[in-house]
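What follows is a single structure, written as structure tokens, with notes after it.
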There are 2 protein chains.
Amino acid sequence: MTHPTDKQLATLGAAFNTFTRRYKLADALGPDKPLNELDKQALFYVAEHPECGPSDIARFLAVPHTTISSATDRLVKRGLLKRTRPEEDRRAVALGLTDEGRRRVDGFLAAYRQMHLRMLGPLSAAERDAFIGMMTKIVYDEG
Amino acid sequence: MTHPTDKQLATLGAAFNTFTRRYKLADALGPDKPLNELDKQALFYVAEHPECGPSDIARFLAVPHTTISSATDRLVKRGLLKRTRPEEDRRAVALGLTDEGRRRVDGFLAAYRQMHLRMLGPLSAAERDAFIGMMTKIVYDEG
DNA sequence: AATGATATGACGATCTTCGTATTATTCAAC
DNA sequence: GTTGAATAATACGAAGATCGTCATATCATT
């Protein structure tokens with residue numbers, strides 16, 4: 001397989017640079033006060049892994065568990081998460097979304113959807129399929 | 001123009017989700033202690049805009065100028081940036097990289113290059129061109 | 001000169017991260 | 001079944017980051 005050229009790499013780098021600045025979720029819309037990045041990530045993880053524990057989040061996000069402890073604490077205090085002690089292991093904590101938490105996650109998802117729509121806007125229908133296919137290939141490649 | 005399907009949006013969302021977690025620059029390699037995200041961005045901005053002032057950075061990164069003041073202060077203290085008072089406007093400050101700062105930026109650039117190489121790895125030569133083209137189209141689209 | 005605008009920094013309140021130490025519970029081995 | 005190591009989570013505090021208010025120096029205009 002031939003290697004990418006320096007020019008290709010440079011172009012890609014410049015594009016990503018602008019990309020990450022441009023397509024970033026502007027939180028702080030709506031009445032709720034914004035969540036910091038870690039808290040948002042943690043909230044999403046719980047949404048996708050109900051009944052998970054703090055250590056699962058810490059492992060997944062690769063941050064110290066004490067940091068996640070603080071994060072879940074904030075989320076519980078803000079009424080977005082709830083803790084329960086599962087009977088089968090009373091050391092653990094099972095996290096779950098509250099109704100408010102669910103509402104918040106749904107809001108984020110809608111915002112992401114909008115962002116992705118805007119992103120695909122400049123591409124033709126054929127290009128969209130190709131783009132999504134390549135992103136998938138890049139992300140789920142082993143290596 | 002037809003709209004993207006829900007399925008397309010969902011696939012793209014899932015891919016980006018993993019993408020941002022996977023392709024993130026692991027700082028803290030090498031002997032130097034890691035820079036936080038803002039400081040890194042500021043350092044890069046100065047690298048690309050020599051003689052710029054703190055307010056330019058603040059405007060570009062869309063953060064309060066006092067935050068940038070703290071950031072440049074840290075960078076100067078660490079010996080990565082230097083301040084000079086331009087004669088033509090003695091209120092202002094002109095920022096520039098020190099040799100150490102240049103070294104640091106070059107290190108980051110090399111790391112980014114590696115990351116982009118890895119990213120393009122799973123794509124064929126034709127796909128690479130197409131991918132970079134679409135990224136460019138997405139990023140530099142007016143809208 | 002006087003006024004207003006501009007560039008920056010000082011200071012402090014508040015929040016975040018994360019290392020150390022603590023508590024509660026489970027599990028393994030004897 | 002008791003003891004001891006391992007595991008899940010949190011309390012606490014130090015260090016650092018963000019950002020608002022205020023102060024200072026320097027233009028630019030009249």
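Residue numbers begin at 1 in each chain, while the letters A, B, ... track the order of the sequences.
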Salt bridge (Lys or Arg N to Asp or Glu O under 4.0 Å) between D99(A) and R102(A), intermediate numbers included: CA-CA 5 Å; D99(A) 290 348; R102(A) 181 77 253 169; over 6 Å; no
Full working for ring-ring contact (aromatic ring centres under 6.0 Å, His included) between H116(B) and Y23(B): CA-CA 9 Å; H116(B) 294 142; Y23(B) 291 97; 8.8 Å; no
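Remark: R91(B), A92(B), V93(B) in residues 84-93 of chain B come within less than 4.0 Å of DNA chain C through at least one heavy atom. Annotation: proximity of residues 63-80 of chain B to DNA chain D (heavy atom, distance under 4.0 Å) is found for P64(B), T66(B), T67(B), S70(B), R74(B), numbered in ascending order. Against DNA chain C, the stretch residues 43-54 of chain B makes heavy-atom approaches under 4.0 Å through G53(B), P54(B).
Pairs of residues two or more places apart, or lying in two chains, that qualify as ring pair (Phe, Tyr, Trp, His ring centres under 6.0 Å) and include a residue from residues 56-106 of chain B are Y45(B)-F60(B). For residues 36-55 of chain A, the set of pairs meeting the salt bridge (Lys or Arg N to Asp or Glu O under 4.0 Å) definition, not counting sequence neighbours, comprises E37(A)-K40(A), D39(A)-R74(A).
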Atom pairs and distances, donor-acceptor, side-chain atoms in residues 77-84 of chain A, under 3.5 Å, two or more places apart:
from	atom 1	to	atom 2	distance (Å)
K77(A)	NZ	D73(A)	OD2	3.0
R78(A)	NH1	P34(A)	O	3.2
K82(A)	NZ	L97(A)	O	2.8
R83(A)	NH2	D73(A)	OD1	2.5
T84(A)	OG1	A94(A)	O	3.3

Enumerate donor-acceptor pairs with a distance under 3.5 Å from any side-chain N or O in residues 134-143 of chain A to protein atoms, sequence neighbours excluded.
from	atom 1	to	atom 2	distance (Å)
T136(A)	OG1	I132(A)	O	2.7
K137(A)	NZ	E127(B)	OE1	3.3
K137(A)	NZ	E127(B)	OE2	2.7

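Per the geometry, CD1 belonging to I57(A) stands 10 Å off P belonging to dT10(D), to the nearest Å. Going from atom CG of L35(A) over to atom C1' of dT16(C) covers 14 Å, rounded to whole Å. Protein atom CG of L38(A) is 16 Å distant from nucleotide atom C1' of dG16(D), rounded to whole Å. Rounded to whole Å, atom P of dT10(D) lies 11 Å from atom CG of L81(A). One can place NZ of K33(B) at 17 Å from C1' of dT17(C), the figure rounded to the nearest angstrom. As rounded to whole Å, 14 Å separates atom P of dT17(C) from atom CD of E37(B). Across the protein-nucleic acid pair, N36(B) atom CG and dA15(D) atom P stand 18 Å apart, rounded to whole Å.
The pair R113(A)-D106(A) fails the salt-bridge criterion, with no side-chain N (NZ, NE, NH1 or NH2) lying under 4.0 Å from an Asp/Glu carboxylate O.
Qualifying salt bridge (charged side-chain N to carboxylate O under 4.0 Å, His left out) partners for R21(B), counting only residues two or more places apart in sequence or in other chains: none. Shown here are the side chain to side chain contact (heavy atoms under 4.5 Å, CB included) partners of K24(A), two or more places apart in sequence or in another chain: there are none. The side chain to side chain contact (heavy atoms under 4.5 Å, CB included) test applied to T5(B) returns K7(B), Q8(B), not counting sequence neighbours. R118(A) pairs by the salt bridge (charged side-chain N to carboxylate O under 4.0 Å, His left out) definition with nothing, not counting sequence neighbours.
In this structure, CG in L35(B) is found 11.0 Å from CD in Q41(B), a value given to the nearest 0.5 Å.
At a threshold of 4.0 angstrom between heavy atoms, the contacts of R59(B) with the nucleic acid are absent.
Between the side chain of T67(B) and the main chain of V63(B), no donor-acceptor pair closer than 3.5 Å is present.
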Dot-bracket pairing map - DNA chain D, Watson-Crick plus G-U, both contacts under 3.5 Å, | cross-strand: ||||||||||||||||||||||||||||||
